[in-house]
Amino acid sequence: MNQDLIDLLRDELPDNEAAVLRARIEREPALADEYRELQALFGLVHRAEMVEPTREMRRCVMEALEIHARPSWWQEMFGLVRFRFRNSIGFRISVAAHVVALAILTFFLFHKPATENEYGTKLVVHAPEDLDVPIVNPDPALMARLAQRSLPKRKRIEAYGAPGQETAIKEGLAALMARQARDGSFGSLEETGYAALVLLAEGHCSAQGGDRGRRIQKALDHLTHRWESAGETDGSVLAALVEDYVLSYPLMSRDDLMERVRIIEGMIPVLARGGTGAEGLMLAKLASFAVPEDADFGDARYLAGGNRRDLLKQEPTRLLATAALSRGPDSLEREQVRAWVLPLFLAAMKRDSGAERLLTLQAPYRF
Amino acid sequence: MVAFQKGDTEAFRTLHDRHSRPLLNFFFKMSYNHATAQDLTQETWFRILRYADRYKPRATFRTFMYRVARNLWIDLHRSRKAAPKSVSADLRVTEEGATVGDLVESREQPQQKTIEDREAADLIREALTSLPEPQRMVFLLAETQDLKYREIAEILDVPVGTVKSRMNAAVTRLRGLLGHVLG
């Protein structure tokens, strides 16, 4: 069957092609016959039996339409609420009040209150840069609340006090720094050391949280008691030791914590003899070197190890380490080393000049 | 259809009233079974309701509708192949002795005006049912539903060339079967 004739009959040909084909049909009888047959065939099919949809069919479909168009329960609810909101002022006021109440509730649920403890509210102040701020009626109780020991190194300090006391705290900080610069210490244990120690521990405890924080607190309480029993009044030394040796280790296990506390406890009598201020601090730093139980003191690494790299640059420390190595046998008990090395170090620190220090050190090494 | 998608149920009623008859006749000429044609027609409208959100305005509603119809037809054939059922036409179903064949025949033959019309109708039916299904579908969509080749191609998801070739084959076969009545 000629496809073009089918397409012509179905009006599927472009106009120009249709015109050409019609012209051909007029000229060619065979083509015209074929076209007429096609027209008859399609006419016959068009006139073929037809069926009519019943009323029942329509009713079923319309019923389905009604079910489909029915809103869901939440759509009806939403529509109802929207209607009331648009038409009722009272409803609008009620919705607004609920929204405000929800906002307030959300605020208080998520709002973090300022940290507060028995020393007051946690405040944040900037460290005064001028060390020469005169001490104006320093309040010991206020100064006792200062948490940071190494004040000059830190710009932002967290302290505890009453709200609005930021200025007073700044002045207190300045006073503390002035005292350290003048006397070499922060003051007596009662004034600063103990409180600093507790607050250090507290700050660390609150950072650690939970059971670990309580263990640290308990350990520090114990150390402080021993320190006081040893007659030591300058708490800065113990505070430095605790901060460097205990609180600076974030992933401390219980056993590790107790071990460090035991080491510090063992050093307290020695440290007590070591005086206060810079000497005590240096001694505490040296004593805080971690010395393993199975340390071989023939290996300088054990004495030179730890995190106190700055101390290794200092001459007395290096000489002491050398002395320790040249003196004793390969393996020494740790307590023996401490009992023997530290007094030497202390003696060296008490000297005024480096030359005297060196000479003093050399003499004992010859025996 | 777009209006119905936006919630205008009256628009759906309009569509139904406009297209229900041609749709029913399409199924009737595909199956020559009145009950099947009615079931499929209704089911097509139910599916259009259910999947109205899938209609895209770039296609005409007729294309969308016949695509649903075609898929339904395919589903019907699959189910028939899976579980063919047959009832003997000679099975007596009434006390008077009428058989299934008698009842079915009386329903499927709408009233014809003349004996000649009835004969022509039988001939057309036989000719159409003798066409392979792909050709029959193309021919019916083209001639009884007045769809263009492009629309039929979209409905059946085949190239336009395939539609043309099936159309040609159907017309050729019908011409051969009905040539003697074309005069």
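Just so it is clear: chains get the letters A, B, ... in the order the sequence lines come, proteins before strands, and each one is counted from 1. These numbers were taken from a predicted model, which means no experiment stands behind them.
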What pair of heavy atoms forms the shortest contact from [X] to [Y], and how long is it?
X: T54(A); Y: Q38(B); result: CG2-NE2, 3.4 Å
X: H16(B); Y: V61(A); result: CD2-CG1, 3.6 Å
X: K29(B); Y: V45(A); result: CE-O, 4.5 Å
X: F46(B); Y: A64(A); result: CE2-CB, 3.5 Å

When you compare the side chain of [Y] with that of [X], does any pair of heavy atoms fall below 4.5 Å?
X: W45(B); Y: L65(A); answer: no
X: D11(A); Y: K148(B); answer: yes
X: E34(A); Y: R175(B); answer: yes
X: D17(B); Y: R58(A); answer: yes

- R36(A) versus chain B, the contacting section by heavy-atom distance below 4.5 Å: neither
- Flag yes if more than 12 heavy atoms outside D15(A) fall under 6.0 Å of its CG atom; otherwise flag no. no
- Item | Neighbour count >12 (heavy atoms, 6.0 Å) for atom CG, L80(A) | yes
How long is the gap from [atom1] on [X] to [atom2] on [Y], to the nearest 0.5 Å?
X: I6(A); Y: N168(B); atom1: CD1; atom2: CG; answer: 4.0 Å
X: S20(B); Y: M57(A); atom1: OG; atom2: CE; answer: 5.0 Å
X: F42(A); Y: L174(B); atom1: CZ; atom2: CG; answer: 8.5 Å
X: E143(B); Y: L9(A); atom1: CD; atom2: CG; answer: 6.5 Å

- Item | Electrostatic pair D146(B)-R10(A), nearest N-O below 4.0 angstrom | no
Can you say whether [X] sits under 4.5 Å from chain A via the side chain, the backbone, both, or neither, judging by heavy atoms?
X: I124(B); value: side chain
X: I48(B); value: neither
X: A142(B); value: both

- Message: Using modelled atom types and a 3.5 Å cut-off, is there a donor and acceptor pairing between side-chain atoms of E12(A) and backbone atoms of Y149(B)?
- Response: yes
- Considering only heavy atoms and a distance below 4.5 Å, find which of N25(B), T41(B), L24(B) pairs most often with chain A. N25(B)
- Item | chain B contact residues among residues 91-99 of chain A, heavy-atom distance under 4.5 Å | none
